[in-house]
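One structure below.
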Amino acid sequence: MKMSQLVGKRIKEDPRDAVTPSHKFILRGGYARQVSTGIFSLLPLGKKIVDRIENVIREEMNRIDGQEVLMPVVLPAELWEESGRYQSVGQELLRFKDRNGKDMLLAMTHEEAVVHLLRTEVNSYKQLPVMLYQIQTKYRDEARARGGLIRVREFTMKDAYSFHTSQDCLVKYYERAHEAYVRIFKRLGMKNVLSIESNSGMMGGKVSHEFMAVSEHGEDTIFVSPDGTYRANREIATAAWKYTKEPAKALQKVHTPGKESIEDVAAFLGLKPENTGKAVFYRDGEDNLIFAMIRGDFEVNETKLGNFLKVPELAFANDEQIRAVGAVPGFASPLDLDRKKVRIVVDRSIAESSNLVVGANEADYHYLNFNFDRDLNGVDVTDIATVREGDPCPVTGAPLQLARGIEVGNIFQLGTKYSESMDCRYLDENGKSHPMIMGCYGIGVGRSMASVIEQSHDDYGPIWPITIAPYEVHLCSLTPNKDGVGETADKIYRDLKNAGIDVIYDDRGEKAGFMFNDADLIGVPFRLIISPKTLAEGKIEFKRRGEKDVILIDLAALVDTVKSAVADEYRKYE
RNA sequence: CGGGAUGUAGCGCAGUCUGGUUAGCGCGUUUGACUGGGGGUCAAAAGGUCGCAAGUUCGAAUCUUGUCAUCCCGACCA
C-alpha cells in the first residue's frame, strides 16, 4: 500500500472528545471515525486490523471444532418472547416495528437465533456435541457509550454456542474453549489478560468467566491475590474477613440527636464505624422492601444481594417506603420491624461481630450492644459485602490487589435456560427427549483492538503486535527525488511484496519528521528507511517500532533479512 | 435517568463576562519556491448560516428562554 493513496488522515492534535489512549490513537491514526455516540465507521487501517483479529479468532474457533454461521441482526420479537427476554431485558434492547407493524428487534446477542437454527437442524444425540459461531454485528442501546471503541452501541462480536447431551460434556468443552481463549489473546498480543470468575447476570446459567484485559482505563474492577491464584470481578469477589466476638453486653438505648450517618453516630459515641451496624433499604422490581444489614465499615454489594434474593433489579428505597414498613430513616433498626412487610438480610460481618451500635427505630435514638445471636433470629445470613483493596484473599489470605480491566471476552455454562424455554431438544439412545445443554462464548472484536492499544503504546502511537498490525513493514523513502532513493525504494517495495511481505510504503516525499510521526501512529512493527545518507554505501536502515536502535543492512540482503525478522516476530505470539 | 462540561472553518482553539462596521489564530488543504533525519521556511489562495429555534435590541457568536448534539463521572449493563 502506498501512503500517497491511503484513505484516512493522521491528526496531529488530540481530538477534543478523546480521553483514553486507545480512543485518541484510533482517531489520530486514522483507524476509525465516530458517526454518533458509540457508533463508528472503520477506515482502511482499522478495517485491516479488525480483519486480522477476526482471522485469529476464526482459526482458534475452528481448532475447537467450531462451525461458522451467520445469523441476522434483525430478529422478530416473537423469537425473544419464546425465551422470555423480550420482556425481561430493558431498554438496552432496541425494539422497533416493521412496515406491517410487526414487532422487531436488533439482536444484542444470539442465543434465540442459534436455538432457532439448531432445534430444526439437530435432533439426535448422534449429532452432538456441536458448536456454532459467528463474527457479526450486535447492537445494544447502551445508556452511556464511552471510551472510544471500549464501550460502543454497535459492535462486532464473535459469539459461539455449544450444545451438549450432558453437563460433563459441557464442562469438558468449556475447558477447551477457555484454552482457546487463552491462545487467542496471546496471539492478539495482549500483554495482560486475566480470566476471572464473574457474575452470570442476565444470561442465566451458573459458571462463567470473564477475560479481562488489565488496563487503568478498564470499566470493571477486579480483585487479584498477589500470586494470582484468586481472581474475581468486584461484583462477586469475596474475602476471608476475620471477626472477633466479645462477651455480649446488655442492650442499651442511647440518645443520639441528629446523628443519622454511620460516621456521625460512631464519632458521637466515641466508637469506630466497625462497631456499628448499617441499615440499607432496597426494593425489588415488585416493590417488596429489603432491609440489608452490614457492619458500618462495609458497603453492600448489590450484585451479591440480588443473586441471593434471586431478583434481577434492586433500587434504593426512598424515605417514604422505609417509613411505610415502620422503620425510621437514619435510625432504622432490625429489632422491631414487621417481618411481614420487610425481608431482613444480614451480612456475616454482623452475625460474627458483637456489641454493635444499631438504630432504635425511633428518631434520635440508637441501641448499644446489639448482638446478632441474642437479639435477632429467623433472618437470612449471607455474604453481601463489597470487597475492598487489601482485604484478605479467600484462598491465600494475602491482601487482595485491585485492578481495572476491559472485558474482552467471556464464557458461560448456560445450561438449559434457552433450550427448555425454546424447546431445543434431542432424542437419546432410548428415544427419550431432553433439552440440550448449552454453553456460550463471546469476544468483542473492536474492544480487543482498543485493549491492545491500551496495553501497547507510547507517546507517539500504538505499537501493534505483528499478528494484527495493519502491515508488517513500513517503508520510508527520504528525499525520493535525490540520488536514486525513490527508484530504489520503489524496487524494494516491489521486491518485498513479491516475497510475501505486507508493506506500507511512504512514497509522499514529505519531511522525515513528518513521515516518522505518521509511521509511529500507524504502529507497524518494522521500519525500513531509504535515504541518500546510507544508500551511497549500499545500506538500508532497519528498526523496530518503539525502539531507538537502528541496524544497517546491505541492500543485497534486504529481502532475506526482513523475511526472517518478520518470521521470528510471528513466532513470539505462537 | 442524576451530576458536571463543551458546541465558532477539516482538526485544535481565542473571542462571549462588559452586544457595535468586514469573526480571528495555529495546524491541515490547494499553488509556487526554497528545503530535507522527528510534524521546516517564505509567498499566495480556498474554506464559516458562530449547533438549532424563538426572543430582547437600532444592532447578537456575545444577553434571555427553549431545544439538539457530544464528552466526562455516576446509575444501568450478555
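The partner of B/G48 cannot be assigned: no Watson-Crick or G-U wobble pair with both contacts below 3.5 Å exists in any strand. Base pairing of B/G74: its partner is B/C1, meeting the Watson-Crick or G-U wobble criterion (both donor-acceptor distances under 3.5 Å). B/G7 and B/C68 make up a base pair, with Watson-Crick or G-U wobble contacts both under 3.5 Å. Across the strands present, B/U56 finds no partner; the criterion is a Watson-Crick or G-U wobble pair with both atom distances under 3.5 angstrom. B/G38: no Watson-Crick or G-U partner with both key distances under 3.5 Å is found in any strand. Pair check for B/G28 finds none; no Watson-Crick or G-U wobble contact set falls under 3.5 Å.
If you check B/A75, B/U8, B/U70 against the side chain of A/S36, the one that comes closest is B/U70. Residue A/P15 places its side chain closer to B/G12 than to any other of B/G38, B/A75, B/G12. Here the nucleotide nearest the side chain of A/K511, chosen from B/G36, B/C73, B/C71, is B/G36. The side chain of A/V19 sits closest to B/C71 out of B/G74, B/G38, B/C71. Ranking B/G39, B/U70, B/C76 by closeness to the A/F514 side chain, first place goes to B/G39. For A/K12, counting side-chain heavy atoms from C-beta on, the closest listed nucleotide (B/C27, B/U70, B/G38) is B/C27. Picking from B/G37, B/U35, B/C71 the nucleotide with the shortest atom distance to the side chain of A/I529 gives B/G37.
Within the structure, every side-chain polar atom (N or O) of A/S531 is placed at least 4.0 Å from both OP1 and OP2 of B/G37. Contact check, A/T479 against B/U35: no side-chain N or O comes under 4.0 Å of OP1 or OP2. A/R16 has a side-chain polar atom (N or O) that falls below the 4.0 Å cut-off from OP1 or OP2 of B/U8. Checking the phosphate oxygens (OP1, OP2) of B/C72, a side-chain nitrogen or oxygen of A/R144 falls inside 4.0 Å. For A/Q34, a side-chain nitrogen or oxygen approaches OP1 or OP2 of B/C71 to under 4.0 Å.
The residues A/E219 and A/R146 are annotated as salt-bridged, a charged nitrogen and a carboxylate oxygen being separated by less than 4.0 angstrom. Using a 4.0 Å cut-off between charged side-chain N and carboxylate O, A/R527 and A/E541 make no salt bridge. Using a cutoff of 4.0 Å between basic side-chain nitrogens and carboxylate oxygens, A/R183 and A/E60 are scored as salt-bridged.
Aromatic ring orientation, A/F40 versus A/H23: perpendicular (interplanar angle above 60°, classes split at 30° and 60°). Under the 30°/60° scheme for interplanar angles, the aromatic rings of A/F185 and A/F211 are found to be tilted. The aromatic rings of A/Y173 and A/Y441 sit perpendicular to each other, their planes meeting at more than 60°, with 30° as the lower class boundary. Ring pair A/F526/A/F542 is parallel by interplanar angle, where below 30° counts as parallel and above 60° as perpendicular.
Distance, A/N517 CG to B/G39 P: 7 Å, rounded to whole Å. A straight line from NZ of A/K24 to P of B/G12 spans 13 Å, rounded to a whole angstrom. In this structure, the CE atom of A/M515 is 11 Å from the P atom of B/G38, given to the nearest Å. Put simply, CD on A/E219 is 13 Å from C1' on B/G74, counting in whole angstrom units. When the C1' atom of B/C27 is taken as reference, atom NZ of A/K9 falls 11 Å away, rounded to whole Å. To the nearest angstrom, P of B/U29 lies 13 Å from CD1 of A/I11. Put simply, CG on A/L314 is 9 Å from P on B/C76, counting in whole angstrom units. Atom pair A/F316:CZ and B/C76:P shows a separation of 8 Å (rounding to whole Å applied).
Residue A/L521 is classed as a base contact, given a heavy-atom separation below 4.0 Å to a base. Using a 4.0 Å heavy-atom cutoff across all strands shown, A/E407 reaches no nucleic acid atom at all. At a threshold of 4.0 angstrom between heavy atoms, the contacts of A/F155 include nucleobase atoms, whether or not backbone atoms are also involved. If you check every strand for non-hydrogen atoms under 4.0 Å, A/G509 touches a base. Within 4.0 Å of A/Q91, counting heavy atoms only, lies no atom of the nucleic acid at all. Among the atoms of the strands shown, none is found under 4.0 Å from any heavy atom of A/G444. The residue A/N481 sits close to a base: some heavy atom pair falls under 4.0 Å. A/D14 comes within 4.0 angstrom of sugar-phosphate atoms only, judged by non-hydrogen atoms across all strands, and of no base.
Once rounded to the nearest 0.5 Å, the distance linking CD1 of A/I49 with CG of A/L43 reads 11.0 Å.
Here A/Y174 and A/H209 bring their ring centres to under 6.0 angstrom of each other.
Positionally, the nearest nucleotide of RNA chain B for A/G148 lies more toward the 5' end than for the other of A/G148 and A/D220. Nearer to the 5' terminus of RNA chain B, by closest-nucleotide assignment, is the contact made by A/R28 (compared with the other of A/R28 and A/K138).
Each of A/R10, A/K12, A/K511 was compared with A/D518 under the salt bridge (Lys or Arg N to Asp or Glu O under 4.0 Å) criterion, and only A/R10 meets it.
With hydrogens and angles ignored, no donor-acceptor pair closer than 3.5 Å exists between the side chain of A/E510 and the base of B/G36. Contact of A/E13 with B/G26 (side chain to base): a donor-acceptor pair of N or O atoms is detected under 3.5 Å. Residue A/D518 places a side-chain atom within donor-acceptor reach of the base of B/G39, judged by atom type and a 3.5 Å distance cut-off alone.
Comparing B/U56 with B/G19, their C1' atoms sit 11 Å apart, to the nearest whole Å. Of the P atoms belonging to B/G66 and B/G28, the separation is 42 Å, rounded to the nearest Å. Annotation: B/G36 and B/U41 have their P atoms spaced 14 Å apart (nearest Å). Remark: the separation of the P atoms in B/C52 and B/G40 is 33 Å, to the nearest Å. Taking the C1' atoms as reference points, B/U6 lies 16 Å from B/G15, given to the whole Å. For B/A45 and B/C63, the C1' atoms lie 37 Å apart once the distance is rounded to whole Å. On the C1' atoms, B/A43 is 32 Å away from B/U49, given to the nearest whole Å. Taking atom C1' on both B/G26 and B/U64, the two are 34 Å apart, rounded to the nearest angstrom.
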